[in-house]
Amino acid sequence: MARLRVYELAKQLDMDTKELLHELEELGIEVKSHMSYIDEETVNILLEIYKETLDEEEDVTLTKSKEPTKEKVEAKKPPVHITEEDLKLDKFAEKIKVPQNRIIQDFFMKGEVLRPGQQISVSLAKKIAKMYDVRLTFEEEEGKEEQVKLENPLDELKRQFEILYQDKEKLIPRPPVVTVMGHVDHGKTTLLDYIRKTRVAEKEEGGITQSIGAYQVVVNGKKITFIDTPGHEVFTEMRARGAQATDIVVLVVAADDGVMPQTIEAYNHAKSANVPIIVAINKIDKPNANVELTKQDLVTKLNLIPEEWGGDTIVVPISARNGTNVDTLLEMILLVAEMQDIRCIPEWPVRAVTIETRLDKGYGPVANAIVKDGVLKVGDYVVAGKVYGKVKALIDDKGKRINSAEPSTPVMIVGFEELPDPHSIIYVVESKEKAVETVEKVREIEARELRKKRQIKLEEILKKMQEGEKKELRLILKADTVGSLQALQNAISKLRTNEIDIDIVHAAVGAINTSDVMLASASEAIILGFRVKADSQASKLAESEGVQIKTYTIIYKLLEDLKAALEGMLEPEEVEEKTGTGEIKKVFKIHKYGNVAGVQVYDGYVEKSGFVRIYRNGALVFEGKIESLKHYQQDVSKVSAPQECGIKFQNFDDIKEGDELEFYIIKKVPRKLTALVEDSESSTQE
Ligand code: GDP
């Protein structure tokens with residue numbers, strides 16, 4: 001067998017290319033992509049391994065056919081207890097004492113591809129166990145099978161980069177990406193503008209004019225990428241989502257102001273991200289600038305000791321306004337970049353860090369991003385969190401259309417199906433199918449997590465309600481105009497009672513959209529729309545999230561419904577209802593039991609489950625429950641006038657002939673809110 005490309009070998013082995021890539025990785029065989037060649041020797045070894053698999057499979061079948069032996073063995077073996085943590089192929093294999101490779105190979109021969117260490121479902125675990133005659137018991141009951149964690153495909157995508165990063169030699173250097181941070185008014189924007197103005201060539205004819213969130217400059221033949229949005233909020237938000245874009249931070253400190261609160265904040269953010277910091281002491285042109293004092297400030301407040309004072313912090317005094325020393329600053333950036341040895345994966349796989357996303361009038365949903373690994377090309381299928389797309393166009397920082405973007409290149413990506421999350425990582429996948437499948441899985445996982453969260457939330461709410469805390473109706477209001485929104489808010493505020501709070505979580509003008517639904521879902525709110533509709537996506541989402549959306553065109557209808565909802569939440573009132581009267585005609589003393597009253601019911605009826613008041617000469621002597629009610633010898637639940645009956649009162653025996661009885665029951669009546677309709681009517685006239 002001659003040398004083969006990875007995908008050709010995969011074909012020979014009747015294997016998925018990706019699986020094979022993974023296998024090769026596991027075996028420590030270095031390949032870049034599915035197009036890479038595998039040398040003859042390796043090909044032969046691989047073919048041999050898989051031939052062995054075949055032989056082994058035959059062996060397995062042979063032993064399996066020896067039924068009696070198998071049963072003897074099985075009888076001796078206790079069942080293997082499997083916990084959730086064991087539901088990874090490698091762990092599971094260890095637990096059931098069958099080599100992982102053997103399982104993979106055996107399943108492979110059955111046409112099922114398993115990866116080493118992959119997450120396995122309970123049903124798959126059972127299938128594997130059955131194959132090797134292992135009995136299992138599970139930590140969780142059977143019904144939980146569906147709950148087994150789905151592997152997030154984004155984690156899987158991420159992992160392929162982590163694996164490749166382990167092999168430093170295959171990585172290539174890339175330009176540094178720089179974020180400028182510092183206290184407000186210390187000159188961040190001025191510095192970024194100066195560098196852009198002096199270093200970026202004029203924009204190309206016909207290109208777009210707007211910024212794409214970052215730009216790249218060339219200094220001494222080397223590139224540096226600057227992120228356009230200065231400040232640490234964006235930086236930290238990106239980092240929080242695992243989308244670290246920055247390699248170096250330039251901390252701008254004004255020489256006339258020194259280290260200020262936001263300087264410290266910015267420093268802390270950079271430090272916690274473990275990103276090297278270069279300090280630019282700015283505004284040195286100002287008469288009151290004091291570089292030495294500012295350096296002292298750096299030492300005392302940030303513990304950053306300048307190089308010239310024996311520390312390791314590079315400090316460059318500059319004037320962003322005049323451009324003094326800005327070149328030195330740029331050179332220092334290159335120097336630090338070189339020391340950091342910033343590297344990336346050269347061609348494939350490809351990923352980019354999103355800086356911002358927006359809906360462009362002409363292009364539709366676009367993402368401004370910086371390529372981090374590989375080469376992003378027009379025509380690539382991309383996934384960004386829950387959104388996928390096909391790259392229709394790439395536009396660079398000069399507004400020029402380009403066909404491909406190398407690592408550290410800022411680029412506007414056109415072609416997403418929807419607006420991606422502004423802090424997502426964009427991955428290139430090999431096909432549209434893969435893109436769709438990935439996005440669907442991500443959505444499912446998110447929905448699951450949300451459901452779980454909601455479950456917990458609901459439990460909490462119910463518990464709180466049981467603990468007698470105040471009830472709350474949460475609303476999201478959407479209306480057609482500001483005027484009607486205000487009218488609604490006014491009218492609704494009048495519905496508040498002592499028992500139920502109405503919390504307007506969000507109120508805005510416009511159609512009900514998915515973000516309203518997500519907010520409602522997260523805050524357990526009801527969405528009320530006034531003269532606006534829910535868009536189709538929002539309706540769908542509301543259904544899957546179990547969020548209630550109600551839309552109205554007449555304000556008083558809305559208020560009436562709301563009133564009904566509130567009344568439904570009110571504790572019902574307990575109302576006494578008189579059912580009848582009677583008189584004790586005779587007292588029967590029964591040994592060891594007590595006194596039983598022979599009663600004549602005059603009007604209405606007496607219910608055993610009801611209550612009674614006993615009056616003697618007009619004064620109340622007892623109020624309470626009935627222990628037993630008899631009609632002749634029969635236990636009954638109700639006796640009506642003009643019948644007679646025997647009554648034993650609960651914990652009361654001191655009865656006399658001639659006592660008058662009043663029977664009643666307690667009814668729960670739904671409570672009404674009052675003084676609402678007038679309000680709502682007045683608000684209709686807006
Ligand atoms: P940012 O809030 O950090 O982005 O600060 P800006 O870049 O907006 O600058 C704040 C103010 O300081 C502006 O009025 C700038 O013109 C001024 N400024 C920025 N850099 C310099 C400088 O090097 N020298 C002087 N004199 N003024 C500067």
Side-chain angles (χ1 to χ4, degrees), residues 5-7 17-18 21 25 30-37 154 156-178 204 207 212-218 221-227 243-247 337 341-355 357 363 366-384 387-416 420 424-432 434-435 438:
R5 287 186 193 268
V6 173
Y7 76 89
T17 308
K18 250 194 82 189
L21 275 170
E25 200 89 61
E30 298 181 1
V31 282
K32 269 185 192 155
S33 75
H34 60 290
M35 292 301 286
S36 307
Y37 275 111
L154 297 179
E156 218 169 300
L157 284 169
K158 189 174 157 198
R159 205 174 320 125
Q160 60 172 324
F161 289 88
E162 282 166 4
I163 292 169
L164 291 175
Y165 263 76
Q166 284 167 7
D167 191 355
K168 286 260 153 39
E169 275 179 19
K170 276 196 265 168
L171 302 178
I172 56 160
R174 65 167 172 83
V177 178
V178 179
E204 305 271 324
I212 61 161
Y215 63 83
Q216 203 167 50
V217 297
V218 179
K222 287 180 183 151
K223 291 171 178 169
I224 305 173
T225 302
F226 283 94
I227 295 186
Q244 174 126 316
T246 307
D247 302 304
D341 193 22
I342 303 162
R343 285 174 179 267
C344 66
I345 297 163
E347 286 279 336
W348 176 272
V350 188
R351 65 175 167 179
V353 181
T354 311
I355 310 167
T357 61
Y363 291 121
V366 300
N368 293 329
I370 296 176
V371 178
K372 208 168 168 78
D373 285 295
V375 179
L376 178 64
K377 299 189 183 83
V378 172
D380 279 347
Y381 287 100
V382 285
V383 165
V387 174
Y388 78 95
K390 181 181 180 173
V391 181
K392 288 202 194 91
L394 293 171
I395 291 155
D396 73 5
D397 54 350
K398 287 136 205 125
K400 201 177 95 184
R401 273 172 181 261
I402 52 177
N403 286 322
S404 62
E406 293 186 345
S408 295
T409 310
V411 72
M412 178 167 121
I413 304 168
V414 180
F416 287 99
S424 52
I425 304 260
I426 298 167
Y427 293 101
V428 174
V429 293
E430 58 267 25
S431 65
K432 182 174 178 178
K434 177 77 183 174
T438 305

Test salt bridge (Lys or Arg N to Asp or Glu O under 4.0 Å) applied to Asp380 - qualifying residues, sequence neighbours left out: none

Rounded distance [0.5 Å steps], CG in Asp397 versus OG1 in Thr225: 8.0 Å

Interatomic spacing from CZ in Phe416 to NZ in Lys392 - rounded to 0.5 Å: 10.5 Å

Lys170: what forms a salt bridge (Lys or Arg N to Asp or Glu O under 4.0 Å) with it, not counting sequence neighbours? Asp167

Side-chain heavy atoms of Pro410 within contact of Phe226, under 4.5 Å: no

With the side chain counted from C-beta on, respond yes when Val382 and Val429 share a heavy-atom pair under 4.5 Å apart, and no when they do not. no

Leu376 versus Leu394: any side-chain heavy-atom pair under 4.5 Å? yes

Can you list everything that forms a ring-ring contact (aromatic ring centres under 6.0 Å, His included) with Tyr427? Sequence neighbours excluded, please. Phe161

Is it true that atom CD of Glu406 has more than 12 heavy atoms of other residues, nucleotides or ligands lying nearer than 6.0 Å? no

How many angstroms lie between atom OH of Tyr363 and atom CD1 of Ile395, to the nearest 0.5 angstrom? 3.5 Å

With Arg401 via side chain to side chain donor-acceptor pair (under 3.5 Å) - residues at least two apart: none

Roughly how far, to the nearest 0.5 Å, is the CD1 atom of Ile370 from the CG atom of Asp247? 9.0 Å

Restricting to side chain to side chain donor-acceptor pair (under 3.5 Å), what partner residues turn up for Asn368, sequence neighbours left out? Glu356

Exercise: identify the closest heavy-atom pair between Ile355 and Ala214: CD1-CB, 3.7 Å

Below 4.5 Å, heavy atoms only, C-beta onward: do Leu154 and Thr438 meet side chain to side chain? yes

With a 4.5 Å heavy-atom cut-off, do Ile402 and Lys400 have their side chains touching? yes

Roughly how far apart are Lys398 NZ and Gln216 CD, rounded to 0.5 Å? 6.5 Å

Drop me the distance from Lys158's NZ to Glu156's CD, to the nearest 0.5 angstrom. 13.0 Å

Applying side chain to side chain donor-acceptor pair (under 3.5 Å), can you list everything that pairs with Ser408, at least two apart in sequence or on another chain? Arg174

Who are the side chain to side chain contact (heavy atoms under 4.5 Å, CB included) partners of Gln166, not counting sequence neighbours? none

Donor-acceptor contacts, no H, no angles, side chain residues 345-352, under 3.5 Å, sequence neighbours left out:
residue	atom	partner	partner atom	Å
Arg351	NE	Asp373	OD2	2.8
Arg351	NH2	Asp373	OD2	3.2

Neighbour count >12 (heavy atoms, 6.0 Å) for atom CD, Glu169: no

What residues, two or more places apart in sequence or in another chain, satisfy ring-ring contact (aromatic ring centres under 6.0 Å, His included) together with Tyr388? none

For a 4.5 angstrom cut-off between non-hydrogen side-chain atoms, does Ile172 reach Cys344? yes

Go through the structure and list residues passing side chain to side chain donor-acceptor pair (under 3.5 Å) with Thr409, not counting sequence neighbours. none

Can you check whether Ile425 reaches Thr354 side chain to side chain, under 4.5 Å on heavy atoms? no

Under the salt bridge (Lys or Arg N to Asp or Glu O under 4.0 Å) test, residues paired with Lys390 that sit two or more places apart: none

Just wondering, do Val391 and Val414 contact through their side chains at under 4.5 Å, heavy atoms? no

Any donor and acceptor pair, going by atom type alone, linking the side chain of Thr357 with main-chain N or O of Val366 inside 3.5 Å? no

